[in-house]
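Notes follow the structure.
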Amino acid sequence: MFGVLLIGCKDETADEIPQEGTPTPVGMPIGDAIEQRIGPSGGKIVVNGVMTLEIPSGAVAQERLIRIQPVENKCFSAAGLGYTLMPRDLKFKKPISIRWNYTDKDIAGSSPDALGVAFQQSDNSWKGYHKIILDKSSHMASFVLEKAESFAFYEQFYLKPQTATLSSSETVRLDVFYQKGRQDPTEDDMLEALTPHVLLKNHEVKNWLVNGHNLVDRFDQVLGGMTIIKDAASATYTAPALSPQNDTITVSTEVILKTKAKLILISTFVIRSENEFKLNGYNVKNARINSAVVVDNELLQIGLFEGRSDQQKQNIVNLSVLHFSGVGTYEVDQTINFKVSCKDHLGKPWSERYYTSDGRQVYGPLKVVISEYDKTRKLVAGSMAGTVYYYDNNENKLETGSVSARFKTASPY
């Protein structure tokens, strides 16, 4: 007996449903096959502590050597590994139970409620089945099998990207995909031909949230912000300029189903500070970004600060490059195309240049090396190092210092 249907399905007309599945390569073996002799009394086969085959009494008429080989999961929107059960001519007199212990990583970008199990056919196409049994409290998905074949779990809906590491102020696009081969629930235990996933429409999802908060068309300094893309089930998320105390952010959306069931898809992002600077020997390991502006062929502007609660007693470094043109080296010279201004925790201002009492200009040496530049995402990464000066015109007093920095951020503008 197959398990109960757990999720609803989206509207589709019969002529939109593919009649044949799309072939994929056969997955290559991963590790060794598990072998065990099973007789009429039945038994259990455990595969790497993840997959369990329960073979009831009477499922085989005589003792057989049963092998199960873990393989690459080549099914569309694969979840976990695939498996090939052998010998291929084996038909069970009673259905056997297969239980899979999934992890959060296996269903990243999706939900256990979106899981299905698929079987690879002789032509290498796949047929999917969504009547599986879930025990979400123990992270268990199970189904029954009547013959030896190749099978794998897959996600009928998923959010892409499933997970990613973002720099401060970086923007990422999220899209909701679904398996077009799936059909509305029926009384029959029918298999559905599977094809590549397609993008859902805008009106088929709702409730885009960031850590459970509605940030659509607004920006939160701690969590970031979101913008809905009108022509598809898509949105953009922009990371905060400051790394949050808990560096993990979840973005979720709800798929609108015909039934009362709820299907919420979740992507997880880690906001990582890759910014640090040193001013006159004072090292700031996890620097905050207080400004980031990137205008192609015009301007690069980055502000780094220490993040102390006392704004008056913290180290600050600001960098500005005019005529910014991407990856390369920029050095301070007699022009004002390159400016660095700093303030130490004593409130003393430092600069990449100073003017002597007789009007003579002294600068550098100081340079910036841009190692990464993504024009579309307005993401920039690089480093800076060189000499800075404090000059008191009233007392004709000069001090020489040093600054270095490493940064990676994206402009929200």
| task | Would you indicate whether D32, at its atom CG, is surrounded by more than 12 heavy atoms from other residues, nucleotides or ligands within a distance under 6.0 Å? | result | no

| said: Does atom NZ (K367) have a neighbourhood of more than 12 heavy atoms from anything else shown, all under 6.0 Å? | reply: no

Search all heavy atoms of [X] against all heavy atoms of [Y] and return the closest pair with its distance.
X    : Y    : value
P29  : V71  : CA-CG1, 4.0 Å
S138 : N101 : O-ND2, 3.8 Å
L366 : M384 : CD2-CG, 3.9 Å
G80  : W100 : CA-CZ2, 3.8 Å
G326 : I370 : O-CB, 3.6 Å

Ignoring hydrogens and geometry, is there a side-chain-to-backbone donor-acceptor pair from [X] to [Y] under 3.5 Å?
X    : Y    : answer
E204 : K201 : yes
T253 : K206 : yes
N202 : D231 : no
D123 : P23  : no
R353 : D333 : yes
T238 : S169 : no
D374 : K378 : no
Q179 : H197 : no
E352 : V340 : yes
R88  : T84  : no

| request: In sequence, state the C-alpha distance, the side-chain angles, and the governing distance for V216 and T227, and then conclude on side-chain contact (heavy atoms from CB on, under 4.5 Å). | output: CA-CA 5 Å; V216 173; T227 302; over 6 Å; no

Minimum side-chain heavy-atom gap [X]-[Y] below 4.5 Å:
X    : Y    : value
T268 : T248 : yes
I266 : L159 : no
V205 : L200 : yes
T22  : P196 : yes
V317 : F305 : no
Y83  : E149 : no
L85  : L145 : yes
C75  : F153 : no

| Below 4.0 angstrom, N of the basic side chain to O of the carboxylate: do K127 and E192 qualify? | no

| Pair E146 + K94: basic N to acidic O under 4.0 Å | no

Aromatic ring pairing [X]/[Y], orientation class (parallel under 30°, perpendicular over 60°, tilted between):
X    : Y    : value
Y390 : W350 : tilted
F119 : F143 : perpendicular
F157 : Y178 : parallel

| CD1-CE distance between I133 and M140, expressed to the nearest 0.5 angstrom | 11.5 Å

| message | To the nearest 0.5 Å, what is the distance between OG on S41 and CD on E63? | response | 9.0 Å

| field | side-chain hydrogen bond (donor to acceptor under 3.5 Å, both in side chains) partners of residues 67-79, not counting sequence neighbours, each pair once | value | E35-R67, S77-E155

| Stepwise, does the side chain to side chain donor-acceptor pair (under 3.5 Å) test hold for E306 with Y282? | CA-CA 11 Å; E306 192 171 355; Y282 190 97; 2.8 Å; yes

| task | Before giving the answer on side chain to side chain donor-acceptor pair (under 3.5 Å), spell out for N211 and T250 the whole-Å C-alpha distance, their side-chain angles and the decisive distance to 0.1 Å. | result | CA-CA 5 Å; N211 279 15; T250 60; 3.2 Å; yes

| request: With sequence neighbours excluded, tell me which residues meet side chain to side chain contact (heavy atoms under 4.5 Å, CB included) with P25. | output: none

| request: Please assess I302 against N318 for the test side-chain contact (heavy atoms from CB on, under 4.5 Å), listing each intermediate value before the final yes or no. | output: CA-CA 6 Å; I302 294 175; N318 292 300; over 6 Å; no

| Partners meeting ring-ring contact (aromatic ring centres under 6.0 Å, His included) with Y330 (sequence neighbours left out) | F324

| side chain to side chain donor-acceptor pair (under 3.5 Å) partner of D113, the single match among Q156, K136, K262 | K136

| said: Do D175 and S234 pair up side chain to side chain, a donor and an acceptor below 3.5 Å, judged on atom types alone? | reply: yes

| task | Tell me, with the steps shown, if D106 and H139 meet side chain to side chain donor-acceptor pair (under 3.5 Å). | result | CA-CA 11 Å; D106 291 323; H139 281 56; over 6 Å; no

